[in-house]
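Taking it in order: structure first as structure tokens, then the write-up.
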Amino acid sequence: MTTSEETILSVAIPSPLRRMFDYLPPAECHDTLESGMRVQVTFGRRKVTGIIEAIKYETDCPREKLKSADNLLEPYQLLPDDIMKLCRWAASYYHYSLGETFSQALPKALRQGKPASQGSVTSWRCIVELDTVLKASLKRARKQLAAMEWLQLYPEGVSEPELKEAGFSKSILSQLEKKRLIQSQQVEITDRPFYELKNKIRQSHLKLNEEQQFALNEINETPTFNSVLLDGITGSGKTEVYLQAIAKTLEAGKQALVLVPEIGLTPQTVRRFRSRFGVPVACLHSGLSDSERLQGWLAASRENAGVLIATRSGIFTPLPKLGLIIVDEEHDNSYKQQDTLRYNARDLAIYRAKLANCPVILGSATPSLETLSNAQSGKYLHLKLRQRAGNAKPPAIELLDLRQQALQEGFAHTLIEQMQTTLLRDEQVMVFLNRRGYAPSLICNDCGEISDCPHCDAHLTLHRQPAHMHCHHCDYQMAIPWTCSNCNGRKLQPSGQGTERCEQTLEQLFPDFPVIRIDRDSTRKKNALHEILEVINEGEPSILLGTQMLAKGHHFPNVTLVAILNADSGLFSSDFRGLEKTGQLIMQVSGRAGRGDKPGKVLIQTYNPQNPSLQLLASNNYPKFAASLFNERQQLNLPPVGYLALFRAESATAAEGINLLKLLRSTAEPFQQQFSSVRALGPLPAPMEKRQGRYRYQLMIHSLRRSDLHRLLSVLIQQLDSVKLPRTLRWNLDVDPQDMT
Ligand code: ADP
Ligand code: ZN
């Protein structure tokens, strides 16, 4: 070991290797070096951006062999201490490389070594007043009028990215500019802290009902670390409670972080927040460009933004004045990252709140069993909202028995009738079908052969717009076959219902009403979803047909009838979480009905009307449904009662993956004898054994104690780091897996 008085940098590098690398400070660097700073270093033959993890004075490596870092990217900590701690915790909990974890915590531009500078932005403002004459002249240009109304609220101007988030595209702005109604200018992005702004709250809030007020008081009571489950039925006014809690936080000079599901960040939500608060509200989500993401990240970390609304990865954004974290729809799957660092942002939110010593609110109408059990054990404060806010009433849910009924392309007669009456009352109907494409399979009428993906253990989905066969697992595509590959027969028939086919049926059944389809295919174009949502919000009688994209978070006041075409597919899933997910989805979809002043109704088509779970859901009793699931989990020691981790192996031949997992299992054996609460199960084939031409196997680690589980995982990871793997073999570890595929 060499000892030297001189500084050595322990640098975290974005590489799968689970260790730090030592470098000397950059030549001629006179800044004081600290952990959390970004440095550019040469790593092998690559130039990479690393984070100084620690400053030290000793190294195992001969000093003369150490390279100097190439340069320091900025003379201050880019990742503050709390984010460094959060990353260290995540890397250790998920047994992942710390260097990669830091890298994920940064927006892409910073990861790539670009400067952390704010620069300038295009800002738009009105140059004429929006009087009645002008309003009348814009009546036909609905969007232009809406943009004018929005801009009137901000005489100082609104930046172009913010306008985009509020749903106003560049072309709307150009049209208004041509009419000489608005003007743009380049402005330096201000570096003014939000807490110096005078009017932090712009709009007065709603008067809360009793339950909401009680919840808000409880939340405000403890401004220190405190986990709260806000368990409120759909439409109970959770968002209003968040907004008022945030107002209080801003008034105290603190920042709020709001996490939302992947597709929950609609222009509607953004507008609701921006119109309420006078401080900048930054957004971070996948629809932004790299430079927009950088701007949002910087606005939050430099205290220019008072509120940050973000999807999953926003949990890693520095907020020096953090005073409140909200995780909306905490049960949502999108909080769990399904590749690389497989973290759950909801769980990290709890740890982050602890670091910031601030409250964290987990909100949901259908809380996950994990969160419910924490609330029941008293670890979280359990606040309930059981009534809908305003005049809205919970929807009436009815199970529609499909047995011995003649269906018209998947629709029961009663359903068609009720849709008709709803539409004739000038109201909207929502039809939910969780399958995109035309039909989930193409089947040969002569021999029964089904067209399969050549690379996966899966059927090919038939699409008509445009016409092709598509594998939803590996993206393989081919032309629609004319003849059966097995018997050369010509009677190939679509089997089952997808949204495209359902759209066709609905257009035939209801020729007088528009059918608006919302799925991944119909919303592929940029802004398509936003435009569709605007049309729906106009409230004209129409049929909204969609997949789960339609289920979450939206507030469509004129939807009074919701139909779930097929509830059965989710009732008998092989995944132990399948029923929980199905129940949550059914409750969320049902929650779209009757959110305005008119009462709502939900019809669920099923061949299993006696199914006890379905009956509990139909009686609008999610708490009881969750309790019955919890009972089952208890008997089997499954999460949240026990703890799970999943090793997955994927390789060109089945044997390679199986052998690796067998090696892990035998490594685990002596450990199991010592710690009896732990068991390694497998290797077993994954539910889809072959995917994209690769064979997939799993080894499940189960434990009654979290600490034992992690102890074993450390041992197994060490083992994996020390063996030489076949070239095509890949493995990953998923701690607290959400999806067992
Ligand atoms: P959730 O987030 O629980 O689904 P929201 O906060 O979106 O519910 O509220 C649903 C609707 O009820 C919204 O239109 C909202 O403006 C309205 N609302 C919420 N709280 C109140 C209240 N106290 N009084 C009147 N209307 C309310
Ligand atoms: Zn495939």
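Given the structure is predicted, the values throughout are model-derived calculations rather than measurements. The first residue of the sequence shown is numbered 1, and numbering continues consecutively from there. When a ligand or atom number is given, it counts from 1 through the structure's own listing order.
In summary, of the residues considered (Gln584, Arg346, Glu580), a side chain to side chain donor-acceptor pair (under 3.5 Å) with Ser368 occurs for Arg346 alone.
The cationic atom of Arg312 (NZ for Lys, CZ for Arg) does not lie both less than 6.0 Å from the six-membered ring centre of Tyr335 and within 45° of the ring axis.
Using a 4.0 angstrom heavy-atom cutoff, Gly232 does not count as in contact with ligand 1. Residue contact annotation: Arg595 has a non-hydrogen atom under 4.0 Å from ligand 1. The closest approach between any non-hydrogen atom of Glu210 and ligand 1 is not below 4.0 Å.
Considering the Zn ion (ligand 2) as centre, the angle to SG of Cys453 and to SG of Cys456 is 110° (10° rounding).
If you check each of Asn209, Leu230, Thr239 against atom 2 (O) of ligand 1, the one with the closest non-hydrogen atom is Thr239.
Classification of the His472-His463 ring pair by plane angle, with boundaries at 30° and 60°, yields perpendicular. Between His455 and Tyr476, the angle of the ring planes goes over 60°, which puts this pair in the perpendicular group of the 30/60° scheme.
Under 4.0 Å from ligand 1, the heavy atoms of Lys207 that appear belong solely to its backbone. When heavy-atom distances to ligand 1 are checked against a 4.0 Å cut-off, Arg592 has no atom that comes that close, whether in backbone or side chain.
Counting non-hydrogen atoms of other residues, nucleotides and ligands closer than 6.0 Å to NZ of Lys254 gives a total of 12 or fewer.
Each of the atoms 25 (C), 26 (N) of ligand 1 lies under 4.0 Å from some heavy atom of Gly390. For ligand 1, the atoms sitting less than 4.0 Å from at least one non-hydrogen atom of Ala389 are 12 (O), 18 (N), 19 (C), 20 (N), 21 (C), 27 (C), numbered in the order shown with element in parentheses.
When only interatomic distances are considered, the shortest N/O to N/O separation between Leu206 and ligand 1 does not fall below 3.5 Å. Considering backbone and side-chain atoms together, Thr234 places no N or O closer than 3.5 Å to any N or O of ligand 1.
A salt bridge links Arg271 with Glu534: the closest approach of a Lys/Arg side-chain nitrogen to an acidic carboxylate oxygen falls below 4.0 angstrom.
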